[in-house]
Chemist: 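Structure provided below as structure tokens; questions to follow.
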There are 2 protein chains.
Amino acid sequence: MARERKFSTVDLYQSTKHLLLEHGYDGFTFSMLANRLDISRGALYKYFENKEVLISEYMVFEMKKFMVQLHKIQEYKSFEEKFDYLIHLIFHDQEIHRLREIGLEIPRSPNTKVHENQEQLDQLHYEMYTSLQSFVELGKQEGIIKPSIPNGLFLGFIFQTIAIPNHENLPYSEWVSSIKEILRHGMFKI
Amino acid sequence: MARERKFSTVDLYQSTKHLLLEHGYDGFTFSMLANRLDISRGALYKYFENKEVLISEYMVFEMKKFMVQLHKIQEYKSFEEKFDYLIHLIFHDQEIHRLREIGLEIPRSPNTKVHENQEQLDQLHYEMYTSLQSFVELGKQEGIIKPSIPNGLFLGFIFQTIAIPNHENLPYSEWVSSIKEILRHGMFKI
DNA sequence: ACTTTAAGTGACACTCGTGTCACTTTATGA
DNA sequence: TCATAAAGTGACACGAGTGTCACTTAAAGT
């Protein structure tokens, strides 16, 4: 019926991700993306009215992908297993944390599509939140986590932890197991 | 000799700080700053050739101020006291962490003034680093910190920790003491 | 072969931040 | 009181990103 597209949706999302992580929300431009995909800037406007639409749409895609992974946490029954899986997951999907922050930079827009995507993101975020909340609750029920720790703080520690820059370039496994150890039992002796 | 200035250096730094924290490095513009100081944009160019010069100069000011505080850690002798002081310090100077990140966004510039400021920032950063390193070493010598923990990870935990968003809006003292408790002895029982 | 239709192009007009500069304003001290 | 010099102003030219649109290109169906 019509001419073949010069780029796939996968290409587009990959490039978007790459450019977002490299230049941040403000630094991202349609020119860059067009350039990377080897098409003209004008062509992009055939698919996305503007940056907000494109990025919010991409964010929904990325968050859905992450939630598929996160829901697998239900396959593990004990808190200990879930804990290991969660740490493993966020270390292997490091960017998601930064990307979620970038997603929050999209200005609340009156544009219908953007608004829909933002509502969907809110929904996904809420799902993530409840999923993680019940994970923490389980830890308390099983008597593994200290009950005095607020749930938000528990989760905050886990998510902030992965953003600690490994300046000394310690080997991955050593780094992760040190972090787990600190999360479990702290940095002080006894 | 000449006409009176419409703004003080303190005004200028305060406004710069405020705008940087609100809009980030890229979002910061001379128009905003001029507007806030109630002068014309052109006037700012009498003092700063461009954004890089202004912001790098401000960052040096802010870092020096922070280092004065940090050096006071030497007044405390035991590791425990130093630990308490450090946590207190970075909680009461929360923005410094975000500001330091923003400072790193200033592109390495050929401009002499910017270059000088950046070298001074590097120097200040190095001072901060060594000061904190010896703090950690003391903790290990005193047998308080687990020796297996890499120094960078120890410091990373402390600095990332303050960035955990207190979504549940727990009272400050409760929040801080929970964080200290986790840093000391972790989130798991026993 | 020819029409249809979506893909893609590049030029245009617009906005916004930048850096400059001739000009105006206003304290000061000679 | 008046020359001086720093403070401040606003207009200009420039570059970069935006969004649009008439136009060209190339598969696919008839």
Chemist: At under 4.0 Å between heavy atoms, what does A/F7 touch on the DNA or RNA strands: base, sugar-phosphate, or nothing?
Modeler: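 Counting heavy atoms under 4.0 Å across all strands, the contact made by A/F7 is with sugar-phosphate only.
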Chemist: Could you tell me the separation between the CD atom of B/E4 and the P atom of D/dA7, rounded to a whole number of Å?
Modeler: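 Nearest whole value for this atom pair: 11 Å.
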Chemist: Given atom CG of A/N35 and atom P of D/dT18, what is their separation to the nearest angstrom?
Modeler: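 Computing the A/N35:CG to D/dT18:P distance gives 13 Å.
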Chemist: Could I get the full list of salt bridge (charged side-chain N to carboxylate O under 4.0 Å, His left out) partners for B/K46, not counting sequence neighbours?
Modeler: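 Scan of B/K46 (salt bridge (charged side-chain N to carboxylate O under 4.0 Å, His left out), adjacent residues dropped) gives none.
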Chemist: Is there any protein nitrogen or oxygen under 3.5 Å from a nitrogen or oxygen in nucleotides 15-21 of chain C, and what are the pairs?
Modeler:
residue : atom : partner : partner atom : Å
C/dT18  : OP2  : B/F30   : N            : 3.3
C/dG19  : OP2  : B/Y45   : OH           : 3.2
C/dG19  : N7   : B/R41   : NH1          : 3.0
C/dG19  : O6   : B/R41   : NH2          : 2.6

Chemist: More than 12 heavy atoms of other residues, nucleotides or ligands under 6.0 Å from CD of A/E22: is that the case?
Modeler: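 For A/E22, atom CD is crowded (more than 12 foreign heavy atoms under 6.0 Å).
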Chemist: Nearest whole angstrom, please: distance from the P of D/dG8 to the CZ of B/F48.
Modeler: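 Rounding to the nearest Å, CZ of B/F48 and P of D/dG8 are 12 Å apart.
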Chemist: Parallel under 30°, tilted from 30 to 60°, perpendicular over 60°: which one fits the rings of B/Y47 and B/F7?
Modeler: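 If you compare the ring of B/Y47 with that of B/F7, the planes turn out perpendicular.
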Chemist: Restricting to salt bridge (charged side-chain N to carboxylate O under 4.0 Å, His left out), what partner residues turn up for A/R41, sequence neighbours left out?
Modeler: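 None.
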Chemist: Would you mind reading off the distance between A/D11 atom CG and C/dA7 atom P, rounded to a whole angstrom?
Modeler: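 For the pair A/D11 CG and C/dA7 P, the rounded distance is 15 Å.
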Chemist: So does B/K6 get a side-chain nitrogen or oxygen closer than 4.0 Å to the phosphate oxygens (OP1/OP2) of C/dT25?
Modeler: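 No, because none of the side-chain N or O atoms of B/K6 sits under 4.0 Å from OP1 or OP2 of C/dT25.
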Chemist: Taking the six-membered ring of B/Y25 (Phe, Tyr or Trp), confirm whether the NZ or CZ of B/K51 is under 6.0 Å from its centre and within 45° of its axis.
Modeler: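 B/K51 over B/Y25 ring: yes.
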Chemist: What integer distance in Å separates B/R5:CZ from C/dT25:C1'?
Modeler: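 Those two atoms, CZ and C1', are 16 Å apart.
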Chemist: How long is the line joining CG of A/D38 and C1' of C/dT9, in whole Å?
Modeler: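 Roughly 13 Å, once rounded to whole Å.
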Chemist: Near A/H23 NE2, under 6.0 Å, is it more than 12 heavy atoms from other residues, nucleotides or ligands?
Modeler: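 Count over threshold, so yes.
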Chemist: How many Å lie between OH on A/Y25 and P on D/dG17, as a whole number?
Modeler: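 Atom-to-atom, A/Y25 to D/dG17, this comes out as 15 Å.
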Chemist: Without decimals, in angstroms, what is the distance between A/L44 CG and C/dA6 P?
Modeler: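 In whole Å, C/dA6 P and A/L44 CG are 18 Å from each other.
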Chemist: Check whether the side chain of A/R3 and the base of C/dA7 form a donor-acceptor pair under 3.5 Å.
Modeler: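 Yes, the side chain and the base share a sub-3.5 Å donor-acceptor pair.
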Chemist: Can you tell me if B/Y47 touches the phosphate of D/dA6, counting only side-chain N or O atoms and a distance under 4.0 Å to OP1 or OP2?
Modeler: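 Checking D/dA6 against B/Y47, no side-chain N or O comes under 4.0 Å of OP1 or OP2.
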Chemist: Does the ring centre of A/Y45 sit less than 6.0 Å away from the ring centre of A/F30?
Modeler: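 Between A/F30 and A/Y45, the centre distance is under 6.0 Å.
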